[in-house]
Amino acid sequence: MVAILGYSRPQILAAVQQMYSTVAATPDVPFHFPVGAKACRRLGYPPEQTDALPAETLARFAGVGYPFRADAVRPGDRVLDIGAGAGNDALIARRRVGPEGRVIALDLTAGMTRRLATAARRAGVDALDVVQGSAEQLPLPEASVDSITSNGALNLVPDKRRAVAEMFRVLRPGGRLQLADVVIHRPVSVDCHEDPRLWVECVVGATVKEELLALFAEAGFEEIRVVGEHDYFALSPSAQTREVAASFGAHAIEVGMRRGETAPSRARRWRHRLDPRRAWRRVQRRGLAGLAALGLALLSCYGTLALVALLPLLGLGLALDEGLWAGTIALFVLLTLAALAAGIRRHRASLPTLLGAAGGGLVLHALFVDYRALVELSGFVLLASAVAWDLRRRRRREAQVLGLEETP
């Protein structure tokens with residue numbers, strides 16, 4: 001896989017449309033993701049559901065899970081299927097809602113919507129509306145549907161927060177949502193989010209599982225529960241896709257939830273978004289824990305020195321416990337070294353950790369054995385060099401896995 005950087009958002013969407021237009025036109029061509037009836041069954045669809053589907057739509061199945069495990073679609077519902085694709089889930093939902101219900105099948109790709117409309121007409125399916133549109137701007141009024149289903153669509157949407165807000169808007173209060181989607185254990189950090197080839201690999205556009213669930217909670221969804229998880233990429237015929245997915249812990253989840261009665265206030269949304277626990281988890285997942293710990297060590301050391309020097313100028317004094325001060329600096333130095341050691345598992349290089357250990361040793365020697373300012377400063381310089389080296393190795397390894405750089 002060769003990546004071409006610098007693409008715009010419209011070009012990313014065009015690449016996604018092109019990929020799934022190809023699925024619509026020639027489903028028998030090998031893809032990097034599983035397609036067709038076999039994939040549908042292996043993802044958990046019961047035979048009684050797949051056997052009732054038209055062969056032409058089943059052959060173009062490209063979902064990532066079985067969202068109906070969440071049981072959000074009920075008799076009499078008006079259902080929206082976001083990213084309906086060939087329409088298999090929309091047709092299953094149509095049977096579930098019964099004669100009093102209705103299904104709206106929405107997809108970004110014109111080729112998919114045309115084929116679904118034709119297949120539904122041939123099969124004599126009524127109360128099924130096929131619409132071409134974007135998840136980021138749903139062409140529906142507020143509170144106009146009872147339930148939403150989606151299968152493998154959200155990870156291909158650039159603005160996920162906006163798409164989730166749109167789902168909340170069109171669902172009635174108390175309405176239900178079910179989806180299957182791709183998530184990752186750690187985010188993609190190298191500069192490749194504008195590469196359309198990597199977006200259609202379904203990994204670059206995926207969100208860390210906890211962050212995805214937090215997006216829905218932030219928007220006002222309640223009773224969020226994961227009802228299934230599986231290694232979707234194990235079904236991929238592409239060895240490279242399986243390797244990329246494994247390196248980021250990519251897998252599929254099936255989730256169910258309920259729309260809250262009212263939208264949360266802006267203050268509540270920002271409070272949820274700025275939760276320091278979420279911020280620290282993001283720092284850890286992006287491999288920035290070493291940088292954060294080093295920053296705190298420098299702040300504890302030189303920031304405190306600056307404070308001690310400045311306060312007398314303001315007529316203030318500070319009683320400093322030197323033992324506590326030294327212990328705090330040492331703690332953050334040791335946390336920096338622990339983060340460097342954890343980096344070995346990512347990039348398989350021990351030299352950054354050894355350099356960091358040398359720098360950390362100098363700092364600790366200055367703190368607890370024989371204080372010399374130059375020795376302490378030299379230790380921090382070595383420690384900073386080690387952190388920068390570790391970050392560079394992490395990003396380089398990630399780029400190699402994604403195919404952005406050749407493995408030496």
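In what follows, every heavy atom counts, from backbone to side chain, and hydrogens, waters and symmetry copies are set aside.
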[X] (side chain) donor-acceptor with [Y] (main chain) under 3.5 angstrom:
X      : Y      : result
Gln132 : Leu108 : yes
Ser21  : Gln17  : yes
Thr241 : Pro237 : no
Glu222 : Gly260 : no
His230 : Tyr232 : no
Ser265 : Arg268 : yes
Ser147 : Val79  : no
Thr149 : Asp81  : no
Ser236 : Ser238 : yes
Arg60  : Glu56  : yes

By ring-ring contact (aromatic ring centres under 6.0 Å, His included), Tyr302 pairs with (sequence neighbours left out) Phe380
Do [X] and [Y] have side chains that approach each other closer than 4.5 Å (heavy atoms only, starting at C-beta)?
X      : Y      : value
Val23  : Met112 : yes
Tyr45  : Asn88  : no
Leu128 : Val125 : yes
Arg94  : Val97  : yes
Tyr66  : Pro46  : yes
Pro173 : Thr262 : no
Pro54  : Thr57  : yes
Leu213 : Val226 : yes

Does atom [atom1] ([X]) have a neighbourhood of more than 12 heavy atoms from anything else shown, all under 6.0 Å?
X      : atom1 : value
Glu100 : CD    : no
Glu210 : CD    : yes
Arg258 : CZ    : yes
Arg95  : CZ    : yes

Salt-bridge test for [X] and [Y]: reply yes if a basic N is under 4.0 Å from a carboxylate O, no otherwise.
X      : Y      : result
Glu254 : Arg69  : yes
Glu142 : Arg169 : no
Arg394 : Asp390 : yes
Arg96  : Asp71  : yes
Asp77  : Arg176 : yes

Check against ring pair (Phe, Tyr, Trp, His ring centres under 6.0 Å), Tyr20 and Phe33:
CA-CA 11 Å; Tyr20 289 94; Phe33 49 85; 5.5 Å; yes
Just how far is it from atom [atom1] of [X] to atom [atom2] of [Y], taken to the nearest 0.5 Å?
X      : Y      : atom1 : atom2 : result
Asn151 : Leu43  : CG    : CG    : 7.5 Å
Arg41  : Phe61  : CZ    : CZ    : 11.0 Å
Arg393 : Leu351 : CZ    : CG    : 8.0 Å
Thr207 : Asn155 : OG1   : CG    : 8.0 Å
Ile329 : Ser300 : CD1   : OG    : 6.0 Å
Leu324 : Leu331 : CG    : CG    : 10.5 Å

Provide the full list of ring pair (Phe, Tyr, Trp, His ring centres under 6.0 Å) pairs with a residue in residues 138-175, sequence neighbours left out, each pair given once.
Phe168-Phe221
Summary of ring pair (Phe, Tyr, Trp, His ring centres under 6.0 Å) pairs that have at least one residue in residues 249-268, sequence neighbours excluded:
His185-His251
Only one of Arg78, Arg172, Arg259 forms a salt bridge (charged side-chain N to carboxylate O under 4.0 Å, His left out) with Asp146, so which one is it?
Arg172
Nearest non-hydrogen partners of [X] and [Y], listed with the distance:
X      : Y      : value
Pro27  : Val35  : O-CG1, 4.1 Å
Ala366 : Glu376 : CB-CB, 3.8 Å
Ala105 : Ala90  : CB-CB, 3.9 Å
Phe216 : Ile224 : CB-CD1, 3.9 Å
Pro139 : Val131 : CG-CG1, 4.0 Å

Is there a side-chain contact (heavy atoms from CB on, under 4.5 Å) between Arg225 and Val227 once you walk through the steps?
CA-CA 6 Å; Arg225 65 197 190 284; Val227 296; 3.9 Å; yes
Please determine whether side-chain contact (heavy atoms from CB on, under 4.5 Å) holds for the pair Leu116 and Asp107, giving the CA-CA distance in whole Å, both sets of side-chain angles, and the decisive distance to 0.1 Å.
CA-CA 10 Å; Leu116 173 54; Asp107 197 84; over 6 Å; no
Derivation of the side-chain contact (heavy atoms from CB on, under 4.5 Å) call for Val255 and Leu177
CA-CA 8 Å; Val255 187; Leu177 187 152; over 6 Å; no
Leu215 vs Arg161, side-chain contact (heavy atoms from CB on, under 4.5 Å): CA-CA, chis, key distance, verdict:
CA-CA 7 Å; Leu215 272 181; Arg161 179 168 278 110; 3.5 Å; yes
